[in-house]
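Computed from a predicted structure; not experimentally measured.
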Amino acid sequence: MKSRLVSIILPVYNAEQYVAKAIESVLGQTYPEWELIIVNDGSTDNSKKVCEGFDDERISVLTQNNKGVSAARNVGLKRLKGEYFCFLDADDALTPNSIESRLSLFLTDPGLMFVDGAVEIRNKDMTSVMEIRAQHFSGIPLDALLNIDNSVFFGPTWMVRKRAGVNYQFKEGLTHGEDLLFYISIAHLGRYRAVKDVVYLYRQGNLSAMSDLKGLWEGYKAISKELGSIPTVNRTQKQLFKRKITSIMFKSYLGVFKPFKALGVVWDYYKL
């Protein structure tokens, strides 16, 4: 395979019990031309010490005051040197062929801007597979993202071909949906495809986004407002997103027997 540098951005906040496994999964990659940018986001546990304990010149550890995952990723985005980049959360892991598999697809299809892959959702201890989510979308991903389509969106699993002149940046301050908004903001840049291989191992925690319905709805509403500042998203697409998030939240609240919360979502829809 023709050598290309791939940058991996790893934000860390109080993840001392998990982060070593995440870093080891990068060290275990079958493709060696990578840099790992670890951003310690003001951890108060031993996360920084764990990260600095790895002796590999491809790994850099940066530290900032706690500003949130989006701010930490932005630090990595400003520092990366690779022609391609992707993300890894501190409590998750990459499969050994994660980088090689996605990069191979990039190199066989020069028009691609984004490459994804299948995700194994594992239990909290990462000892058993609960579900495999296979992405299968192909094309410009903007409409699919606005429809929150599982065939194109899971979370921080895309690998991105870096394009000169593009300001890659997460919206800081969001507690839910930061990945989705970031991908929406760059989705117009080109085509998306996914490999069949599992490229990401996701640790299912005690508190999922769907279990924090209030936080999820606030995140969706924040994204809806941000769409107004993205020139590549037209009015029809904004309405598509509003209808989709309202439908998701209405059904979610009904599913946990909170009809008044469901009606509140409908009321919020007309204020978005």
Side-chain angles (χ1 to χ4, degrees), residues 1-13 15 18-41 47-48 50-64 69-70 72-110 112-120 126 135 154-164 166 168-170 179 182-183 186 189-190 192-203:
M1 182 187 294
K2 191 174 182 180
S3 179
R4 295 285 191 274
L5 180 65
V6 177
S7 300
I8 305 164
I9 299 171
L10 173 60
V12 178
Y13 177 70
Y18 303 126
V19 69
K21 294 295 184 182
I23 297 171
E24 288 166 1
S25 77
V26 177
L27 288 167
Q29 290 300 298
T30 57
Y31 182 77
E33 298 298 321
W34 50 261
E35 65 167 354
L36 176 61
I37 304 171
I38 302 172
V39 183
N40 173 39
D41 187 37
S47 293
K48 181 181 178 182
V50 172
C51 294
E52 292 177 339
F54 288 86
D55 184 17
D56 192 299
E57 62 182 8
R58 296 170 294 180
I59 300 175
S60 58
V61 182
L62 311 174
T63 295
Q64 65 176 17
V69 63
S70 293
R73 287 174 177 165
N74 285 339
V75 169
L77 287 168
K78 291 177 182 177
R79 294 288 296 268
L80 66 84
K81 300 175 182 177
E83 297 177 57
Y84 305 85
F85 65 87
C86 60
F87 304 99
L88 173 62
D89 283 349
D91 54 350
D92 297 333
L94 301 178
T95 56
N97 68 332
S98 178
I99 301 302
E100 182 175 6
S101 178
R102 288 180 284 178
L103 184 59
S104 294
L105 185 54
F106 270 122
L107 297 181
T108 58
D109 189 344
L112 286 177
M113 291 302 296
F114 317 107
V115 173
D116 206 348
V119 180
E120 276 189 3
M126 299 286 270
Q135 324 296 18
F154 176 83
T157 60
W158 289 21
M159 182 182 286
V160 179
R161 186 196 301 269
K162 187 180 179 183
R163 177 181 286 182
V166 176
Y168 296 97
Q169 189 171 35
F170 282 79
D179 302 312
F182 177 73
Y183 293 146
I186 62 174
L189 294 175
Y192 165 107
R193 285 178 61 189
V195 297
K196 295 181 180 179
D197 299 333
V198 174
V199 301
Y200 199 93
L201 306 179
Y202 174 80
R203 187 190 303 270

Between L77 and F182, is a side-chain contact (heavy atoms from CB on, under 4.5 Å) present by the stated rule, with each step listed?
-> CA-CA 12 Å; L77 287 168; F182 177 73; 4.2 Å; yes
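- No donor-acceptor pair under 3.5 Å is formed between the side chain of E120 and the backbone N or O of V198.
- Q29 places a side-chain N or O within 3.5 Å of a backbone atom of T95 that can act as its donor or acceptor partner.
- Looking at L36 and L27, their side chains never come closer than 4.5 Å, going by heavy atoms from C-beta outward.
- Interatomic distance, C86 SG to I9 CD1, rounded to the nearest 0.5 Å: 8.5 Å.
- For the atom pair CZ (R79) and OG (S7), the distance works out to 11.5 Å, reported to the nearest 0.5 Å.
- In this structure, the side chains of M126 and D91 stay at 4.5 Å or more apart for every pair of heavy atoms.
- Scanning all heavy atoms of the two residues, the minimum distance from V39 to A72 falls at CG2-O, 3.4 Å.
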Test side-chain contact (heavy atoms from CB on, under 4.5 Å) applied to Q135 and V119, step by step | CA-CA 8 Å; Q135 324 296 18; V119 180; 4.3 Å; yes
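- Remark: E83 CD to L103 CG distance equals 9.0 Å, nearest 0.5 Å.
- Residues C51 and V19 approach most closely at SG-CG2, 3.9 Å, considering heavy atoms.
- Contact detail for I37 and L80: the closest heavy-atom pair is CD1-CA, 3.6 Å.
- The closest donor-acceptor contact from the side chain of R161 to the backbone of P110 lies under 3.5 Å.
- Contact detail for A93 and S25: the closest heavy-atom pair is CA-OG, 3.7 Å.
- Taking every heavy atom of both residues into account, V50 and A20 meet most closely at CG1-CB, 4.0 Å.
- A donor-acceptor pair under 3.5 Å is formed between the side chain of R163 and the backbone N or O of L189.
- Here the rule is ring-ring contact (aromatic ring centres under 6.0 Å, His included) with Y84, and of F114, F106, W158 only F106 fits it.
- There is no side-chain donor-acceptor pair under 3.5 Å between T30 and N97.
- The pair D41-R73 fails the salt-bridge criterion, with no side-chain N (NZ, NE, NH1 or NH2) lying under 4.0 Å from an Asp/Glu carboxylate O.
- Checked against the 6.0 Å centroid criterion, the rings of F170 and F87 qualify as a close aromatic pair.
- Listed for the S47 side chain is a donor-acceptor partner under 3.5 Å among the backbone atoms of A15.
- Counting only heavy atoms from C-beta outward, the side chains of P32 and R58 approach each other to under 4.5 Å.
- Rounded to the nearest 0.5 Å, atoms NZ (K78) and OH (Y168) are 16.0 Å apart.
- For the atom pair NZ of K48 and CG of N40, the computed distance is 7.0 Å after rounding to the nearest 0.5 Å.
- The backbone N or O of S101 sits nowhere less than 3.5 Å from a side-chain atom of Y31 that would complete a donor-acceptor pair.
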Can you check ring-ring contact (aromatic ring centres under 6.0 Å, His included) on Y200 and F154, steps first, answer last?
-> CA-CA 10 Å; Y200 199 93; F154 176 83; 7.2 Å; no
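- L94 CG to I99 CD1: the interatomic distance, rounded to the nearest 0.5 Å, is 5.5 Å.
- When all heavy atoms of D89 and P156 are compared, the pair lying nearest together is OD2-CG, 3.7 Å.
- Within a 6.0 Å sphere centred on NZ of K162, other residues, nucleotides and ligands contribute more than 12 heavy atoms.
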